[in-house]
Amino acid sequence: MCASWRIGRDDARDEVTVTMLLRDEIAISQDGAEIVVSSGQLSELADKLYFLDQAFRADARDVVEALCSPAK
């Protein structure tokens, strides 16, 4: 492990830990679940997370739900 950041818990979820790994990856973990993302995937992941953050801030829950619904 190279560096680690903790994002505090909220009412619905436990804290999130983001860890920079030595093998050109990051690990994101919460409640015992972990996802490892390569450095090549970080830019696209950041773009998607930014979009979701902005959608929630704009109270666009209907848009987010539509994007998350199964394709017909």
Side-chain angles (χ1 to χ4, degrees):
M1 173 177 34
C2 184
S4 183
W5 299 269
R6 295 188 185 279
I7 301 165
R9 64 177 293 128
D10 66 11
D11 294 338
R13 301 279 183 235
D14 202 2
E15 76 177 9
V16 173
T17 303
V18 178
T19 306
M20 186 178 193
L21 304 175
L22 294 176
R23 57 184 184 272
D24 207 21
E25 297 171 326
I26 66 160
I28 303 168
S29 58
Q30 181 181 47
D31 282 337
E34 181 178 73
I35 181 171
V36 176
V37 180
S38 72
S39 62
Q41 296 171 302
L42 286 176
S43 181
E44 187 172 350
L45 177 62
D47 290 347
K48 302 299 186 255
L49 292 174
Y50 176 78
F51 169 79
L52 290 172
D53 180 56
Q54 291 303 304
F56 283 122
R57 289 175 188 269
D59 199 22
R61 191 170 217 45
D62 292 338
V63 173
V64 173
E65 288 175 359
L67 290 171
C68 294
S69 66
K72 296 179 183 178

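FYI, the numbering just counts along the sequence from 1.
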Nearest 0.5 angstrom please: L42 CG to D47 CG, how far? 11.0 Å
For E15 against R9, the heavy-atom pair lying closest together: N-CB, 3.5 Å
Which residue pairs satisfy the side chain to side chain donor-acceptor pair (under 3.5 Å) criterion with at least one member in residues 24-33, sequence neighbours excluded? R23-E25, D24-S39
What residues form a side chain to side chain contact (heavy atoms under 4.5 Å, CB included) with L49, not counting sequence neighbours? L45
Residues two or more places apart in sequence or in another chain: which of them pass side chain to side chain contact (heavy atoms under 4.5 Å, CB included) with Q54? Y50, R57
Heavy-atom closest contact (I26 atom, M20 atom, distance): CG2-CA, 4.2 Å
